[in-house]
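Fair warning: this is a prediction, and the values are worked out from it, not measured in the lab. Here, residue 1 is the first one in the sequence, and each next residue gets the next number.
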Amino acid sequence: MENLLIMGINTRPMVNSALKLKYNTFSVSYFKTLDFIEPFNSKHILHQELAIGGAEFNCGSFEENFSSFKLLDLAEEYLDVVDKIIFTTGISANDFKGKFSKFKNKIYGNLNTEITNDKFKFYNKIKNKFNVPLTFKPVDVDEVVDIAKQYNDNQFILKPLDGSGGVGAFLLNNDTLNDFNKSNFESIILDGSYLMQEYISGVNLSSSVLSTNSESKNIINTRLLTGHDFNIKDNFVYFGNILPLTYESFIKFNPILKDNTYKIDNFNLNLFKNNFDKINENMSLVSQDLISSLDLIGSNGVDFILSEDSLKSRSSDFDENDLYVIEVNPRFQGTYECCEDVLGINMLDAHIKACEGELIEIPKLNNSNLLYSIKKIIYAENNIKVNDLNISKVYDIPYKNVKIEKNQPIVTILNSNSDLDLLIQDLDFAENKINKNIKFL
């Protein structure tokens, strides 16, 4: 039996998939939560289990505690004995340097993710072929202001050059940019480590793709959810997703569309609804083309924004120019478990086979077998202490008495149902139970 190592911030979903396959599974992760099913062997950075027996444990800040190098140090004794290495978010083959470089040949996935990890290199690589927001890499505050003046009809976001999940991104207010000085940027270092990117108002979407060295296949599209979708103003952090992408799932968390009354002149709702399949078709074509052009293999994701301007002016079919490519995730995406539920496949097995040159058959979804799946990450609104969160449909469960700091993740809600309205009701029910079992500090 082969030995398989899964590395990343949260390996729980992939370990669950691995336990259904014929591997001795090793795991190295940041989190090890109450619902983590122990594989053959595992190590983790955050030791929540110290709270067992009533002792208090403070999880602290992920941003301060986590690094890919800590994962590598924990994995060192495993690397000699495993046959395959697979990544989730938080680490890449580019981290395998020095004494770790000799283990790169065991990695099942993308061996060079420098272009996708560096968002400015990514922008320059694809800007002449794909529709992308205007993007710059300022070196100081003066350059930020100069760019804003030059493109005064645009609004911009500042976001980390190498980051994921919308963490650290914030919207620049053009009305006050002229008054900005270095004190406005005390929380960041403008030394080329941040991007200044045109803000595209619209709806966040994502496409999941399986690829070999010779072929890419879109397997499903999804509606991405950020803090903005839950009425947290200018919050771009990843909160979850609904899939598959249909007209119904598209409008569910859209404050303009969900009441079937688009508040913009000249918008034809029926035309939009009737042509919605064109959005899925264009997403599939663009994501397949993009993944192939970047020579990526295995499971990869492409994040898009469907611009609000295209909805305002819609008078015909959607085309590729309505979709802006935001970034590529050259590894498993946050939609992992939802994909497994909706498609009835083992995503880990599909990834390994794709890396070996085989694309599995993807089940076709239609009205007779359509299943919706939703994921929502619950973040702490203040510093909290958790009680018993072992609740139905709740995952990544912290141990009782664990303290979690403001803005850090508490749990993940995951659920599936053919009835989207019931799915949302169950989501709200689970969230209410979670809130009753946490204590503000």
Side-chain angles (χ1 to χ4, degrees), residues 92 110 112-137 147 151 153-166 169 194-224 226 236 238 241 245 250 275-311 313-314 316-331 333-335:
S92 73
N110 298 300
N112 188 349
T113 56
E114 182 180 355
I115 288 177
T116 52
N117 288 348
D118 184 321
K119 293 180 176 59
F120 194 60
K121 289 182 178 179
F122 174 68
Y123 166 77
N124 285 316
K125 170 80 174 178
I126 73 168
K127 66 181 179 181
N128 294 325
K129 184 176 181 181
F130 298 93
N131 193 30
V132 291
L134 195 63
T135 303
F136 304 92
K137 189 167 77 168
I147 293 168
Y151 298 92
D153 290 334
N154 300 85
Q155 192 165 19
F156 289 91
I157 285 179
L158 272 181
K159 57 198 280 189
L161 187 69
D162 180 6
S164 61
Y194 271 74
L195 283 186
M196 186 175 177
Q197 189 170 73
E198 177 188 6
Y199 173 61
I200 306 298
S201 179
V203 182
N204 293 280
L205 307 173
S206 183
S207 185
S208 295
V209 181
L210 283 174
S211 54
T212 66
N213 284 318
S214 59
E215 182 184 4
S216 295
K217 182 192 293 186
N218 167 268
I219 62 171
I220 202 164
N221 295 324
T222 182
R223 167 78 162 92
L224 281 183
T226 68
F236 306 103
Y238 171 71
N241 42 265
L245 180 63
F250 177 88
N275 288 294
F276 193 82
D277 285 347
K278 194 69 176 177
I279 297 174
N280 268 311
E281 181 182 332
N282 289 331
M283 284 179 65
S284 299
L285 292 173
V286 172
S287 61
Q288 289 171 173
D289 191 9
L290 179 55
I291 294 300
S292 292
S293 70
L294 294 171
D295 297 321
L296 298 176
I297 62 170
S299 176
N300 300 280
V302 181
D303 289 349
F304 298 93
I305 290 181
L306 178 66
S307 73
E308 189 172 297
D309 283 344
S310 72
L311 299 180
S313 60
R314 181 55 45 219
S316 60
D317 281 353
F318 288 89
D319 60 37
E320 293 179 1
N321 291 324
D322 296 309
L323 291 164
Y324 285 80
V325 175
I326 303 301
E327 61 184 53
V328 163
N329 298 301
R331 65 190 72 82
Q333 304 93 63
T335 55

Handout entry: Nearest-0.5 Å distance, CG of residue Asp153 to CD of residue Glu198
Key = 10.5 Å

Practice task
Output all residues satisfying salt bridge (Lys or Arg N to Asp or Glu O under 4.0 Å) with Lys127, sequence neighbours left out; order by chain, then residue number.
Solution key: none

Handout entry: Approximate separation, where rounding is to 0.5 Å, of Met283 CE and Leu306 CG
Key = 9.0 Å

Practice task
Give a yes or no answer on whether the side chain of Asn131 reaches the backbone of Leu323 with a donor-acceptor pair at less than 3.5 Å.
Solution key: yes

Handout entry: Residues in side chain to side chain contact (heavy atoms under 4.5 Å, CB included) contact with Ser284, at least two apart in sequence or another chain
Key = Asn218, Asn221

Problem - side chain to side chain contact (heavy atoms under 4.5 Å, CB included) assessment of Asn282 paired with Asp322 - result: CA-CA 9 Å; Asn282 289 331; Asp322 296 309; 5.8 Å; no

Problem - Considering all heavy atoms, the nearest Ser216-Val209 contact - result: CB-CG1, 4.0 Å

Completion exercise
With sequence neighbours left out, the residues meeting side chain to side chain contact (heavy atoms under 4.5 Å, CB included) with Ile305 are Ile200, Asn204, Ile326

Handout entry: Under the ring-ring contact (aromatic ring centres under 6.0 Å, His included) test, residues paired with Phe130 that sit two or more places apart
Key = none

Problem - Whether over 12 other heavy atoms sit under 6.0 Å from Lys217 NZ - result: yes

Fill in the blank from the handout: Heavy-atom closest pair (Phe122 atom, Ile115 atom, distance to 0.1 Å) is CB-O, 3.2 Å

Fill in the blank from the handout: Sorted by chain and residue number, the side chain to side chain donor-acceptor pair (under 3.5 Å) partners of Asn112 (sequence neighbours excluded) come out as none

Exercise for the section: Output all residues satisfying side chain to side chain contact (heavy atoms under 4.5 Å, CB included) with Asp118, sequence neighbours left out; order by chain, then residue number. Expected result: Phe120, Lys121, Leu161

Exercise for the section: For Ser293, check side chain to side chain donor-acceptor pair (under 3.5 Å) against everything at least two apart and list the hits. Expected result: none

Practice task
Report the residues that fulfil side chain to side chain donor-acceptor pair (under 3.5 Å) with Ser287, sequence neighbours left out, ordered by chain and then residue number.
Solution key: Ser207

Exercise for the section: Take the angle between the ring planes of Phe156 and Tyr151 and call it parallel below 30°, perpendicular above 60°, tilted in between. Expected result: perpendicular

Problem - For Thr135, side chain to side chain donor-acceptor pair (under 3.5 Å) partners two or more places apart - result: Gln197

Practice task
Apply the test side chain to side chain contact (heavy atoms under 4.5 Å, CB included) to residues Thr335 and Ile220: give CA-CA distance (whole Å), side-chain angles for both, the deciding distance (0.1 Å), then the verdict.
Solution key: CA-CA 10 Å; Thr335 55; Ile220 202 164; 5.9 Å; no

Handout entry: Those residues that, when tested against Ser299, pass side chain to side chain contact (heavy atoms under 4.5 Å, CB included) (two or more places apart)
Key = Leu210, Phe332, Gln333, Met347, His351

Fill in the blank from the handout: Rounding to 0.5 Å, atoms OG1 (Thr116) and CG (Asn110) come to a distance of 7.0 Å

Exercise for the section: Would you mind reporting whether Tyr123 and Leu195 have side-chain heavy atoms less than 4.5 Å apart? Expected result: no

Handout entry: Under 3.5 Å: donor-acceptor pair, side chain of Thr212, backbone of Glu215
Key = yes

Problem - Minimum heavy-atom distance between Ser307 and Tyr324, given as atom pair plus value - result: CB-CE1, 3.8 Å

Handout entry: Pairwise side-chain contact, Leu290 with Ile126, heavy-atom cut-off 4.5 Å (strictly under)
Key = yes

Exercise for the section: State, yes or no, whether a side-chain contact exists between Asn241 and Ser206 at a heavy-atom distance under 4.5 Å. Expected result: no

Practice task
For residues Val325 and Phe304, determine if any side-chain heavy atom of one lies less than 4.5 Å from a side-chain heavy atom of the other.
Solution key: yes

Exercise for the section: For residues Leu245 and Asn280, report the shortest heavy-atom separation together with the two atoms involved. Expected result: O-ND2, 2.9 Å

Practice task
Applying salt bridge (Lys or Arg N to Asp or Glu O under 4.0 Å), name anything that partners Asp295, two or more places apart in sequence or on another chain.
Solution key: none

Exercise for the section: Could you list the residues that satisfy salt bridge (Lys or Arg N to Asp or Glu O under 4.0 Å) with Glu281, not counting sequence neighbours? Expected result: Lys278

Completion exercise
Interatomic distance, CG@Leu134 vs CD1@Ile147, rounded to 0.5 Å, equals 8.5 Å

Practice task
Would you mind reporting whether Leu205 and Thr222 have side-chain heavy atoms less than 4.5 Å apart?
Solution key: no

